[in-house]
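Everything on this sheet refers to the single structure shown next.
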Amino acid sequence: MEQAILQTVALTKSFDASPPVLKNITFSIKKGEVVVVIGPSGCGKSTFLRCLNLLEPIDSGEILLDGKEISSDKKNIHKYREKIGMVFQSYDLFPHKTVLENVMLAPVLVQKKKKEEVKKEAEALLDRVGLLEKKGMYPRQLSGGQKQRVAIVRTLMMHPEVLLLDEITAALDPEMVREVLQVVLELAREGMTMVIVTHEMDFAKAVADRVIFLDKGEIVEEETPQEFFNYPKTERAKKFLNTFHFEALEI
Amino acid sequence: MDFEFIFTYIPTYIEAAKLTIKIGACGIAGAFVVGIICSLIIELKIPVLRQLVQIYIELSRNTPLLIQLFFLYFGLPKVGIVLSSKACGVIGLIFLGGSYMAEGFRTGIENVPKIQRESAYSLGMTKKQTFWKIVMPQAVATSVPVFCANVIFLLKETSVFSAVALADLMYVTKDLIGLYYKTDEALMMLVVSYLVILLPISLVSSWIERRVRYAGFGNTGSV
Amino acid sequence: MQDSGIQVLFDGINFFRLLEGLWASIRIAFTSMLFSVVLGLFLGMVMTGKNKAIRFVCRVYLEVVRIMPQLVLLFLVYFGAAKHFGIDISGEMAAVLVFTFWGTAEMGDLVRSALISIPKHQYESGYSLGFSKIQLYLHIILPQTFRRLLPSAVSLLTRMVKTTSLVVLIGVVEVVKVGKQIIDASRFENPKAAIWVYGAIFLLYFAVCYPISKLSTVLEKRLKD
C-alpha cells in the first residue's frame with residue numbers, strides 16, 4: 001500500500017469552551033491525489049485546512065507528515081510548513097513587495113537558495129500562469145484573479161509536498177474564477193497533491209479524485225466525485241447538494 | 001503697528017525660533033528612538049520591561065508636559081539633581097513624545113492583517129523572519145502619518161518651555177509685552193514665527209499622508 | 001533623620017487647596033468640551049456641505065488650530081483682546097474661549113470624517129424611504145456616527161484637561177498656581193516642598209486623565225462594529 005503524505009488521526013479542535021468545530025477527523029491523502037472538501041458554511045472546512053498547516057493548535061489527535069507526528073513539535077513548525085503550502089481566500093500577497101519579490105522571498109529567505117536560480121524559476125512559473133509581464137507591479141495594481149494566481153505561484157516556489165487551497169475563489173468576481181481554477185486544474189494534471197476547500201461544485205467534480213463531505217465538524221461522506229454527486233448516500237449530503245439546484249425547490 | 005520695533009526685534013525672534021527648533025529636533029529624535037524601543041518591547045512581550053513600559057506610557061500620556069517640566073526643573077534639584085533649562089526641555093519632550101511615538105507604532109504593527117503573518121508562516125518563515133521582513137516594513141509605512149502628526153504635536157508643545165526659563169518664542173514675547181507694552185507687534189511676530197516653523201511641516205505631512213493612503217502599497221486585502 | 005518634606009502636602013488645608021485648584025482646571029476643561037461638542041457637530045455638518053467658499057474657510061480654520069500652539073492662542077486672546085476691545089477678559093474666560101475654539105475644530109473634523117465614512121447608500125436608502133433631511137440625520141446618520149465619535153471625543157477631553165495646565169501661564173488660579181503659592185509660602189520652613197507639590201500635581205492630573213483615557217479605550221473596543 002502506498003504511503004500517505006499527510007494524515008490526521010482522530011483530530012479534534014474547538015475554540016474556547018464552545019462545542020468542537022472538528023470532531024474526531026481521520027483523514028489521509030496519498031501522493032498525487034486531489035481531495036476536495038465540501039460542506040455548508042461553518043462546518044469546519046477552513047479550520048481543518050488551518051489545522052493541517054499548523055496555524056491552529058489542536059485539542060487532541062495527531063497530524064502526520066510522511067508518517068511523522070508534527071502537531072506537537074512546535075520547534076520545527078516552520079520546517080513542516082515549508083512542505084505544506086497554503087493559499088488563502090483573501091488575497092494575502094505582501095503589499096510592500098512587487099510580484100516578483102513576493103514569489104522570491106520565501107525561497108531566498110527560508111530555503112537559502114541562490115537569487116538568480118530562484119528568479120529564473122519564478123519567471124518561468126509566472127509565465128505559465130500568464131503573469132510574467134506583471135512581475136514588477138505591486139499587488140494593489142493587480143485584479144483579484146491575478147493576485148490569487150501570484151499567491152499560488154508564491155506557494156509553488158517552495159516545492160511543497162502538499163498544497164492546501166482554502167476557498168481561493170470565494171472572494172473573486174465570477175469572471176475571474178475561471179482563470180484561477182484553470183491553474184489549479186493544470187496542477188492536478190501534473191500530479192500535485194492537493195487538499196481543496198471550495199464552493200464551486202463543477203470544479204470539484206472536474207478536479208477531485210475523492211470528495212469529503214464535512215458537516216458539523218464530522219466527515220459525513222467520503223466518495224469518488226461520481227458517486228458523491230450522483231448518488232449521495234446521506235440525507236445531509238442530499239440536502240446540501242440540493243441547495244445548488246434551483247429547479248429542485250418544490251413549489 | 002510699529003514696524004521699526006518689529007525690525008529691531010526680528011533677530012531676537014530668529015534666535016528664539018532657532019532654540020525652539022533645536023530643542024524640538026533633539027526631543028523628537030529622542031522620542032522616536034524611545035518610541036520604537038518601547039513598541040518593540042511590548043510587541044516582543046519582554047517580561048518585566050513590558051510592564052514598566054506600559055506604566056511609563058500611561059504616566060506620560062495622562063499628564064501635561066508643563067507639569068513634567070516643573071517636576072524636572074523645580075522638583076528634582078531638591079533631591080540634588082540639577083538640570084539646565086535646555087536639558088529639561090529635551091528630557092521632557094522625550095518623556096512625553098516617546099509614549100506617543102510608541103503608541104503610533106504599535107497601532108501600525110497591530111494594523112498589519114493577521115493573514116499576512118499566517119501566509120508568511122505557511123511559506124515556512126520563522127516568527128523572526130516574519131516580523132522583520134513582513135510585519136515591520138508594513139507597520140513603518142502605515143505609521144508614517146502618525147509620526148508626522150506627532151512631530152507637529154511635539155513642536156507645538158515646545159511652547160511651554162518658557163515656563164522653565166528657556167528663552168524661546170513665548171518667553172521673548174512675554175518679555176516684550178511686559179517691557180514695552182508692544183502687545184500687537186510681539187504677538188504678531190509670535191504667530192508668524194510659529195507659522196514659518198509649522199506650516200511647511202504641516203503641508204509636507206499632509207502630502208505624505210495622502211501619498212501613503214492613496215499611492216502607497218496599502219489597501220491590504222481589500223476587494 | 002533628615003526631613004523629607006512630604007508633610008507640606010498635609011500642612012493645614014494645603015491638599016484641600018490643591019484639589020480646589022484642580023477643580024478650577026476641570027471646570028474649564030468640561031465647560032469648553034461642552035461648547036466644543038455642540039459647535040463641532042454643527043461645524044462637521046457644514047464642512048460636508050457643498051458650498052466651496054464655506055469649506056475653504058473651514059479648512060483655513062482647521063489648519064490654524066492644527067499648527068498654532070494652544071498657548072499662543074491663549075496669549076492672543078488674553079493679551080490681544082484685553083488691549084483691543086478694552087474688555088479686561090478674565091484668564092478663565094480667555095481659557096474657555098480658546099479651548100472652545102480649539103475643541104470645536106477638532107470635534108468638527110471628527111464629525112466630518114465620521115459623516116463621510118457613512119456609505120452613500122445609507123443616505124440614498126433613507127431618502128428613498130421618504131425621510132426628510134432632518135429625519136435622515138436624526139434617525140439614520142447621526143446614530144451611526146455616534147459610535148465612531150464617542151471614543152475620540154472622550155480622548156479629546158483628556159487632552160483638554162491636560163492642556164488646562166497652560167492657563168497658569170496667563171494667571172488663572174488653578175492647581176499649578178495654587179501649587180506655586182504653597183511652595184512660596186513654605187519656602188523657609190520646608191525648602192523641599194517643590195518636589196512634593198509638583199509630584200502631587202503630576203499624580204493629580206494622572207488621577208483625572210487616566211480614567212478618562214481608559215474609558216476612551218474601552219469605548220473604542222466596545223463600539224467597534
Side-chain angles (χ1 to χ4, degrees), chain B residues 20 57-81 96 149 152-153 155-163 168-171 173-174 176-178 181-184 186-188 190-191 193-203 205-206, chain C residues 4-5 25 62-84 155 158-159 161-170 175-176 179-180 183 190-214 217:
Chain B
T20 297
I57 288 180
E58 295 299 350
L59 277 178
S60 148
R61 286 183 73 98
N62 289 301
T63 50
L65 177 60
L66 187 67
I67 310 300
Q68 295 166 6
L69 289 177
F70 277 173
F71 187 78
L72 289 174
Y73 190 70
F74 298 113
L76 285 187
K78 307 297 176 205
V79 290
I81 305 168
L96 177 76
I152 295 175
F153 162 70
L155 278 175
K156 282 166 73 175
E157 288 286 310
T158 61
S159 63
V160 304
F161 285 171
S162 61
D168 75 337
L169 291 164
M170 299 307 296
Y171 189 90
T173 306
K174 224 174 162 179
L176 292 185
I177 294 176
Y181 294 106
K182 296 280 187 192
T183 311
D184 290 338
L187 288 177
M188 199 193 79
L190 174 69
V191 169
S193 307
Y194 272 110
L195 270 182
V196 170
I197 297 175
L198 285 163
L199 191 60
I201 298 178
S202 169
L203 292 177
S205 86
S206 305
Chain C
S4 74
S25 312
L62 251 56
E63 194 64 15
V64 167
V65 172
R66 189 165 121 103
I67 63 179
M68 272 302 136
Q70 283 86 16
L71 188 56
V72 173
L73 297 175
L74 278 173
F75 267 43
L76 283 180
V77 172
Y78 187 66
F79 293 111
K83 192 177 166 198
H84 283 279
S155 105
T158 328
R159 284 190 287 148
V161 174
K162 284 195 297 177
T163 314
T164 53
S165 63
L166 299 184
V167 302
V168 68
L169 302 176
I170 59 166
V175 63
V176 186
K180 282 188 168 193
I183 293 168
N190 192 344
K192 282 187 184 156
I195 190 159
W196 294 108
V197 171
Y198 286 128
I201 296 176
F202 182 86
L203 291 177
L204 281 178
Y205 265 106
F206 182 75
V208 175
C209 292
Y210 181 70
I212 309 180
S213 0
K214 263 276 137 346
T217 328

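These numbers come from the heavy atoms of this one structure, side chains and all, not from hydrogens, waters or symmetry mates. Below, read A as the first sequence line, B as the second, and so on, with proteins coming before strands; counting in each chain starts at 1.
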What part of Ile201(B) lies closer than 4.5 angstrom to a heavy atom of chain C: side chain, backbone, both or neither?
neither

Under 4.5 Å from any heavy atom of chain C - which part of Thr158(B):
neither

Pick whichever of [options] has the most heavy-atom pairs under 4.5 Å with chain B.
options: Lys214(C), Lys162(C), Arg159(C), Glu63(C); value: Lys162(C)
options: Val197(C), Val175(C), Leu76(C), Ile201(C); value: Leu76(C)
options: Gly179(C), Ser213(C), Ala193(C); value: Ser213(C)
options: Gly80(C), Ala207(C), Gly199(C), Ser165(C); value: Ser165(C)

Is a side-chain N or O of Gln68(B) found less than 3.5 angstrom from the main chain of Thr63(B), in a donor-acceptor match?
yes

So which part of [X] gets closer than 4.5 Å to some heavy atom of chain B, the side chain, the backbone, both or neither?
X: Val72(C); result: both
X: Val168(C); result: side chain
X: Thr158(C); result: side chain

Test Met68(C) against Tyr194(B) for side chain to side chain contact (heavy atoms under 4.5 Å, CB included), laying out the working first.
CA-CA 7 Å; Met68(C) 272 302 136; Tyr194(B) 272 110; 3.7 Å; yes

Residues two or more places apart in sequence or in another chain: which of them pass side chain to side chain donor-acceptor pair (under 3.5 Å) with Ser205(B)?
Arg66(C)

Could you tell me how the ring of Tyr210(C) sits relative to the ring of Phe206(C): parallel (under 30°), tilted (30 to 60°) or perpendicular (over 60°)?
parallel

Between Trp196(C) and Lys192(C), what is the shortest heavy-atom contact and its length?
CD1-O, 3.5 Å

Heavy-atom closest pair (Leu169(C) atom, Ala163(B) atom, distance to 0.1 Å) is CD2-CB, 3.9 Å

Which one, Leu76(B), Leu66(B), Leu65(B), leads in non-hydrogen pairs under 4.5 Å with chain C?
Leu66(B)

Highest number of heavy-atom pairs under 4.5 Å with chain C among Asp184(B), Leu199(B), Leu190(B) belongs to Asp184(B)

